[in-house]
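Read through the structure below, which is laid out as structure tokens, and then see the notes.
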Amino acid sequence: HPKRIPVDEPHTRYVSSIFHDQYATNATTAMLQALSWPSSGHRLSGRVANIAIDYLQEAVETAALWAVILPHIHLLLSRIIFPYLCFSDEDAELWDSDPIEYVRKQTDMAEDYSSPRVAAMNLFAQLGELRPTNTVLPFMTHLNQIGQTGSSPRHRKGLATCCHGEEPHVVGWRFIT
């Protein structure tokens, strides 16, 4: 947002202002569309998902961009954020083939910078802090429905992450019955 740019950086502030006024709404819509690809069977790289989720984390701070996100909030929370918090096929494959590497990746801070899971946790926290009325209660209702309907073991990691606000114990959560 242009107001966050220091006054002594007029060129940066000008470019930021142009982006905000002319491109940010379309960029926000594009990020939401790209992030919805996996739920419709298309592949989205983890790095692209990370960048798009990070963009949305910044966008929720701005009223104009929040107005673009709000109509899609249920989709964003239930079909985009939550799946990134769950135990994925890639997680299962790595766990089965190399559990030590799985644990290393889950605890490596350098991996966090490009992780869509960490970006999703950060966006969820940001939504809870800045936009709780439209996000926290509806999403907790969604999580409750998942828990009530006999969620799969893969969903349990997502539930634990959302409810605890952090990654559950790296290995122990897998054995919850």
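Placement of L75 and V68 in two distinct hydrophobic clusters is found when ILVMFWY residues are connected by side-chain heavy-atom separations under 4.5 Å, directly or transitively.
Remark: side-chain polar atoms of R131 are paired, donor with acceptor, to backbone N or O of V60 under 3.5 angstrom. No donor-acceptor pair under 3.5 Å is formed between the side chain of S115 and the backbone N or O of E111.
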All N/O donor-acceptor pairs, side-chain side in residues 120-130, below 3.5 Å, sequence neighbours left out:
unit_1, atom_1, unit_2, atom_2, d
N122, ND2, V118, O, 3.3
Q126, NE2, E61, OE2, 2.8

All N/O donor-acceptor pairs, side-chain side in residues 22-35, below 3.5 Å, sequence neighbours left out:
unit_1, atom_1, unit_2, atom_2, d
T28, OG1, A24, O, 2.8
T28, OG1, Y55, OH, 3.1
T29, OG1, T25, O, 3.1

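Between F139 atom CZ and I81 atom CD1 the span is 6.5 Å, to the nearest 0.5 Å. If you take OG1 on T141 and NE2 on H74, they are separated by 10.0 Å, rounding to the nearest 0.5 Å. Note that CG of L77 and CG of N134 are 10.0 Å apart. Values are rounded to the nearest 0.5 Å. Taking CD1 of I80 as the start and OH of Y84 as the end, the distance is 8.0 Å to the nearest 0.5 Å. With rounding to the nearest 0.5 angstrom, the CD1 atom of I51 is 4.0 Å from the CZ atom of R47.
Across all their heavy atoms, A59 and L65 have their closest contact at O-CB, 3.4 Å. Residues S78 and P83 come closest through the heavy atom pair O-CD, 3.4 Å. Across all non-hydrogen atoms, the minimal contact from A49 to P116 is CB-CB, 3.9 Å.
Scanning for side-chain hydrogen bond (donor to acceptor under 3.5 Å, both in side chains) contacts around D54 gives an empty result, with sequence neighbours left out.
Looking only at side-chain heavy atoms (C-beta outward), Y14 and I18 come within less than 4.5 Å of each other. For the pair Y113 and N50, the minimum side-chain heavy-atom distance is 4.5 Å or more.
Taking 4.0 Å as the cut-off between side-chain N and carboxylate O, D91 and R117 count as a salt-bridged pair.
Counted within 6.0 Å of CZ on F19, heavy atoms from surrounding residues, nucleotides or ligands total more than 12; the atom is thus considered enclosed.
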